[in-house]
Protein chains: 2
Amino acid sequence: MERTTAQRKAIHTVLEKSGRPLSPPEIFQEARHMAPGLGMATVYRTIKRLIDDQAIAQVGLPGEAPRYERAGMQHHHHFRCTSCHRVFDWFGCACPCEGNAPNGFEVQGHEIYLFGRCDECVARTRTTVS
Amino acid sequence: MERTTAQRKAIHTVLEKSGRPLSPPEIFQEARHMAPGLGMATVYRTIKRLIDDQAIAQVGLPGEAPRYERAGMQHHHHFRCTSCHRVFDWFGCACPCEGNAPNGFEVQGHEIYLFGRCDECVARTRTTVS
DNA sequence: ATCTTTGCAAAACCTTTGCACTGCG
DNA sequence: CGCAGTGCAAAGGTTTTGCAAAGAT
């Protein structure tokens with residue numbers, strides 16, 4: 001039977017409240033504020049369970065370690081700023097990918113990642129260079 | 001100055017000739033045929049250098065370890081079969097992603113991954129279930 | 001002969017697992 | 001109380017690094 005513990009609640013809350021996908025170390029650091037003495041192993045074990053429970057989802061950015069964000073969000077993808085390296089949610093997906101599948105292939109889903117510079121970094125450059 | 005060695009040639013050849021992205025262990029195993037005694041460290045060191053030289057490119061599938069393929073291919077993305085787990089090149093990108101960027105964001109590039117079943121797996125199921 | 005590149009082994013990471021203890025129910 | 005959940009430390013994997021030896025030019 002599933003038990004409610006301070007650690008699990010802390011980890012879940014951190015992911016619920018974060019507006020962006022977090023890595024295990026980031027989750028660890030944040031959750032520690034709410035659950036002192038928390039161990040890294042518990043973070044990994046809890047992540048696994050939350051995924052099984054469909055409470056969170058894995059976000060695997062190309063070439064990077066997986067991050068995690070709360071599940072149940074509307075269809076979206078991600079934008080990584082090549083300047084500040086932050087990852088943003090992106091809801092502008094209008095990709096007709098499914099239609100262009102190779103012959104005989106059956107597309108079940110897709111992932112899109114945009115790379116570029118976020119609004120803040122674009123603005124910073126403008127004023128700095130001018 | 002850059003030197004031509006059997007190991008480097010072997011690794012480069014393996015990636016040139018492969019029609020799909022390879023992981024370091026796959027490269028290691030293949031290149032060993034051409035360069036006996038090859039060490040894993042050399043594979044990693046050579047991959048890094050080939051990327052710097054723009055001879056190969058990293059292919060980071062979401063949630064998986066990076067693979068590598070030769071650079072300079074025409075614009076394409078990847079399709080991973082959820083049944084046989086192979087990764088295929090996909091040239092049907094007609095994604096208008098760049099246009100839908102969030103306000104103030106500057107898109108420099110994009111990556112797309114399709115998931116589904118490849119032609120062989122689709123055919124296999126048909127004949128098996130029928 | 002010089003100086004890059006290599007193989008090996010050790011180190012540095014990250015993630016998982018074993019186990020005795022904690023604490024929820 | 002009983003057993004799921006935890007922390008710690010050890011184990012597993014993968015990638016990187018140090019260093020003496022090999023080899024290309």
Side-chain angles (χ1 to χ4, degrees), chain A residues 1-16 18 20-69 80 85 87, chain B residues 1-16 18 20-69 80 85 87:
Chain A
M1 199 211 97
E2 188 144 331
R3 293 179 185 180
T4 308
T5 66
Q7 293 87 336
R8 193 166 295 170
K9 214 179 303 181
I11 292 168
H12 193 267
T13 301
V14 165
L15 284 162
E16 279 295 324
S18 167
R20 61 189 186 85
L22 300 178
S23 66
E26 284 174 325
I27 296 168
F28 178 60
Q29 201 187 346
E30 284 304 308
R32 227 169 187 201
H33 298 153
M34 268 175 285
L38 173 67
M40 198 64 188
T42 299
V43 172
Y44 282 106
R45 279 187 287 234
T46 304
I47 285 173
K48 195 165 289 181
R49 176 187 281 257
L50 288 173
I51 286 181
D52 287 346
D53 296 351
Q54 310 249 12
I56 65 173
Q58 195 189 68
V59 178
L61 286 109
E64 294 194 12
R67 297 164 193 227
Y68 303 88
E69 70 180 1
R80 180 171 55 194
H85 300 110
V87 175
Chain B
M1 199 211 101
E2 189 145 326
R3 292 180 185 181
T4 310
T5 66
Q7 294 88 336
R8 194 167 294 170
K9 214 180 301 180
I11 292 167
H12 193 267
T13 301
V14 165
L15 285 161
E16 280 295 324
S18 167
R20 60 190 187 85
L22 300 178
S23 66
E26 283 173 326
I27 295 168
F28 177 61
Q29 201 187 345
E30 284 305 307
R32 231 174 181 196
H33 298 152
M34 268 174 286
L38 174 67
M40 198 63 188
T42 299
V43 172
Y44 282 105
R45 278 187 287 232
T46 304
I47 285 173
K48 195 164 289 181
R49 178 187 280 256
L50 288 173
I51 286 180
D52 286 346
D53 296 350
Q54 310 249 13
I56 66 173
Q58 195 189 68
V59 178
L61 287 109
E64 295 194 10
R67 297 164 193 227
Y68 303 88
E69 71 181 359
R80 180 170 56 196
H85 300 110
V87 175

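Proteins get letters first, then strands, A, B, ... in listed order; numbering begins at 1 in each.
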Protein-nucleotide distance (A:K9, atom NZ; C:dC24, atom P), rounded to Å: 9 Å

Nearest 0.5 Å, please: how far is CG in B:L61 from OG in B:S23? 11.0 Å

B:Q7 side chain near D:dA22 phosphate (N/O to OP1/OP2, under 4.0 Å): no

Which residues satisfy the side-chain contact (heavy atoms from CB on, under 4.5 Å) test with B:R45, sequence neighbours excluded? B:A41, B:T42

Do the non-hydrogen side-chain atoms of A:E69 and A:I56 ever get within less than 4.5 Å of each other? no

What are the residues of residues 49-58 of chain B, sorted by number, that bring a heavy atom to within less than 4.0 Å of DNA chain C? B:R49

Minimum-distance nucleotide (side-chain atoms of B:T5 versus C:dC19, C:dT5, D:dG5): C:dT5

Residues 27-34 of chain B side chain polar contacts: donor-acceptor under 3.5 Å, at least two apart:
residue: B:R32; atom: NE; partner: B:L38; partner atom: O; Å: 3.3
residue: B:R32; atom: NH2; partner: B:L38; partner atom: O; Å: 3.3

Could you check how far CD1 of B:I47 sits from C1' of C:dT6, rounded to whole Å? 16 Å

Using a strict cut-off of less than 4.0 Å between a Lys/Arg side-chain nitrogen and an Asp/Glu carboxylate oxygen, indicate whether A:R20 and A:E26 qualify as a salt bridge. yes

Closest approach to the side chain of B:R3, judged atom by atom: which nucleotide of D:dT6, C:dT2, C:dT6 is it? C:dT2

Suppose we screen for side-chain contact (heavy atoms from CB on, under 4.5 Å). Which residues come up paired with A:Q54, at least two apart in sequence or across chains? none

Is a donor on one side and an acceptor on the other found under 3.5 Å between the side chain of B:R8 and the backbone of B:L50? no

Atom pair OG1/CG of A:T46 and A:L15 - distance to nearest 0.5 Å: 10.0 Å

Quickly work out the B:K48 NZ to C:dT5 C1' distance and round it to whole Å. 15 Å

Can you tell me how far P of D:dG5 sits from NE2 of A:H12, to the nearest Å? 15 Å

side-chain contact (heavy atoms from CB on, under 4.5 Å) filter on B:A6, not counting sequence neighbours, yields none

Assign A:R45 to base, sugar-phosphate, or nothing according to its heavy-atom contacts below 4.0 angstrom with the strands shown. base

Enumerate the residues from residues 20-42 of chain A whose closest heavy atom to DNA chain D is under 4.0 Å, giving them by residue number; use none for an empty result. A:G37, A:L38, A:G39, A:A41, A:T42

Distance check needed: C:dG7 C1' versus B:I11 CD1, whole Å only. 12 Å

